[in-house]
Amino acid sequence: HNLLKVVCVVVIKLKLQMSSPTVYLEKLATVLPKCANISGLPPDVLKILDDESKTFLENIRSKTNQFLHDLDDKKYTEDQVESMIDLLPSSVASKNRWGMLPIQAAVFYSNRKKFIPLLAQEGATHNIGGTESRGGLLNQVPTATDSKNVIQCLTNFGASDATRRLEFDKHDCAVLQDLRSRNFLIREDIQSINLLAHSSV
């Protein structure tokens, strides 16, 4: 029955985060708080509600995970992404079919890189990748060459075309500066993870 209470919390969070909640979400948000007192319901009804709650949570989890792997700074703001993570914090630890965390997948797309500092911050809060990984920044990116981590990828990853290369550099530099302002990039990284060598590749 704890599952019903979890669903209640999720729906209330959804309602608070939406400026114009859908009609059905509004109705669900008014019904679910009553789940705090469900001991009087028939066992067979409780079983049905619990099963439906499980399906609901699995769908929300799947959609939230997919959202973090398909970020787009032209569609979403940092506040919106942060709200999604707040809804289901475990989503920052989700992996795509290549075994990449959202923070790792973001390094390959210029329209997602803006969110890397936020993903690092949330990842550190929820201990993603271990205590020394800085929220996943220092974990090896599964598909990257030479076992590079996210920071190393940012120093040399880009396009072969000159015009697109400038676009990548622009995004990468902005992300690195943001990481520096949040203390996720430090001076010692230049030597400790060999950034100069990676930037010249």
Side-chain angles (χ1 to χ4, degrees), residues 1-22 24-26 28-29 31-33 35-36 49-109 111-143 149-151 153-154 175 178-185:
H1 305 149
N2 287 336
L3 192 54
L4 289 173
K5 296 177 182 178
V6 172
V7 171
C8 178
V9 172
V10 169
V11 171
I12 290 173
K13 283 186 176 182
L14 276 171
K15 182 180 177 183
L16 291 174
Q17 291 166 10
M18 297 177 68
S19 56
S20 301
T22 63
Y24 290 107
L25 191 59
E26 281 275 5
L28 197 56
V31 171
L32 285 176
C35 291
L49 292 176
D50 206 52
D51 289 343
E52 291 297 326
S53 297
K54 179 182 178 182
T55 300
F56 176 83
L57 279 176
E58 287 175 348
N59 288 336
I60 291 293
R61 185 177 293 108
S62 175
K63 296 297 183 183
T64 305
N65 291 349
Q66 189 61 46
F67 173 83
L68 288 188
H69 283 280
D70 292 328
L71 295 174
D72 186 343
D73 61 13
K74 295 179 178 61
K75 293 172 61 178
Y76 310 118
T77 67
E78 188 168 305
D79 286 342
Q80 289 172 329
V81 174
E82 189 172 5
S83 292
M84 287 295 289
I85 296 172
D86 180 60
L87 179 66
L88 282 177
S90 63
S91 58
V92 292
S94 64
K95 294 184 179 181
N96 62 17
R97 57 178 174 168
W98 295 285
M100 290 188 287
L101 299 166
I103 194 172
Q104 296 170 323
V107 80
F108 294 99
Y109 299 89
N111 64 335
R112 300 181 193 176
K113 291 183 178 182
K114 171 185 175 181
F115 300 108
I116 287 177
L118 172 63
L119 291 170
Q121 183 173 301
E122 294 294 331
T125 298
H126 301 289
N127 194 28
I128 302 304
T131 55
E132 302 299 323
S133 75
R134 298 185 208 165
L137 285 171
L138 299 182
N139 289 92
Q140 177 185 340
V141 178
T143 59
N149 60 40
V150 173
I151 295 177
C153 285
L154 286 169
V175 171
D178 194 351
L179 288 172
R180 180 73 180 93
S181 69
R182 302 183 194 218
N183 293 319
F184 280 103
L185 180 66

> Contact between Arg61 and Ser91 at the side-chain level, heavy atoms closer than 4.5 Å - yes or no?
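No. Closest side-chain heavy atoms not under 4.5 Å.
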> Under a 4.5 Å cut-off applied to non-hydrogen side-chain atoms, are Ile60 and Thr64 in contact?
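The answer is yes; the side chains approach within 4.5 Å.
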> Between Ile103 and Ile128, is any pair of side-chain heavy atoms under 4.5 Å apart?
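Not touching, per the 4.5 Å side-chain cut-off.
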> Would you say that Gln104 contacts Trp98 through its side chain, given a criterion of any heavy-atom pair below 4.5 Å between the two side chains?
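The answer is no, as the side chains (C-beta and beyond) never meet within the 4.5 Å cut-off.
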> To the nearest 0.5 Å, how far apart are CD1 in Ile85 and CD in Gln80?
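The CD1 atom of Ile85 sits 12.5 Å away from the CD atom of Gln80.
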> Mind checking whether Leu68 and Phe115 have side chains closer than 4.5 Å, heavy atoms only?
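Side-chain contact under 4.5 Å: no.
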> Only counting residues at least two apart or in another chain, list the ones meeting side-chain contact (heavy atoms from CB on, under 4.5 Å) with Gln66.
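In terms of side-chain contact (heavy atoms from CB on, under 4.5 Å), with neighbours along the sequence ignored, Gln66 is linked to Asp70.
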> I need the minimum non-hydrogen distance between Ala106 and Leu119, along with the two atoms involved.
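Residues Ala106 and Leu119, closest heavy atoms: CB-CD1, 4.5 Å.
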> Do Val92 and Leu101 have side chains that approach each other closer than 4.5 Å (heavy atoms only, starting at C-beta)?
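They are not in side-chain contact.
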> Sequence neighbours excluded, which residues qualify as side-chain contact (heavy atoms from CB on, under 4.5 Å) partners of Glu132?
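Residues passing side-chain contact (heavy atoms from CB on, under 4.5 Å) with Glu132: none at all.
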> With a 4.5 Å heavy-atom cut-off, do Lys113 and Val175 have their side chains touching?
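Yes, their side chains come closer than 4.5 Å.
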> Determine, step by step, whether Val141 and Thr143 satisfy the side-chain contact (heavy atoms from CB on, under 4.5 Å) criterion, reporting the C-alpha distance in whole Å, the side-chain angles of both residues, the deciding distance to 0.1 Å, and the verdict.
CA-CA 6 Å; Val141 178; Thr143 59; 4.2 Å; yes
> Could you tell me which residues satisfy side-chain contact (heavy atoms from CB on, under 4.5 Å) with Glu82, sequence neighbours excluded, listed by chain and number?
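Glu82: side-chain contact (heavy atoms from CB on, under 4.5 Å) contacts with Asp79, Leu118, Glu122.
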> Met100 and Pro142: which non-hydrogen atoms are nearest, and at how many Å?
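It is CG-CD, 3.6 Å.
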> Quick check for you: to the nearest 0.5 Å, what is the distance between Ile151 atom CD1 and Arg134 atom CZ?
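Atom-to-atom, Ile151:CD1 and Arg134:CZ are 5.0 Å apart.
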> Holding to side-chain contact (heavy atoms from CB on, under 4.5 Å), I want the full list of residues that pass it with Thr125, two or more places apart in sequence or in another chain.
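With neighbours one apart ignored, the set is empty.
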> Using the rule given for side-chain contact (heavy atoms from CB on, under 4.5 Å), can you reason through Asp178 versus Phe184, listing the C-alpha separation, both sets of side-chain angles and the distance that settles it, and then say yes or no?
CA-CA 9 Å; Asp178 194 351; Phe184 280 103; over 6 Å; no
> With a 4.5 Å cut-off on side-chain heavy atoms, are Ile116 and Leu137 touching?
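Side chain of Leu137 against side chain of Ile116, heavy atoms only: contact under 4.5 Å found.
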> Of all residues at least two apart in sequence or in a different chain, which pass the side-chain hydrogen bond (donor to acceptor under 3.5 Å, both in side chains) check with Ser94?
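Checked Ser94 against side-chain hydrogen bond (donor to acceptor under 3.5 Å, both in side chains); matches are His69.
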> Name all residues meeting the side-chain hydrogen bond (donor to acceptor under 3.5 Å, both in side chains) criterion together with Asp72; count only those two or more places apart in sequence or in a different chain, and write none if there are none.
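For Asp72, the residues satisfying side-chain hydrogen bond (donor to acceptor under 3.5 Å, both in side chains) (neighbours in sequence not counted) are Asn111.
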> Kindly write out the residues that satisfy salt bridge (charged side-chain N to carboxylate O under 4.0 Å, His left out) with Glu78, not counting sequence neighbours, or none if the list is empty.
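Listed in chain order: Arg182.
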> List for me each residue that meets side-chain hydrogen bond (donor to acceptor under 3.5 Å, both in side chains) alongside Asn139, sequence neighbours excluded, and say none if there are none.
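Checked Asn139 against side-chain hydrogen bond (donor to acceptor under 3.5 Å, both in side chains); matches are Ser133.
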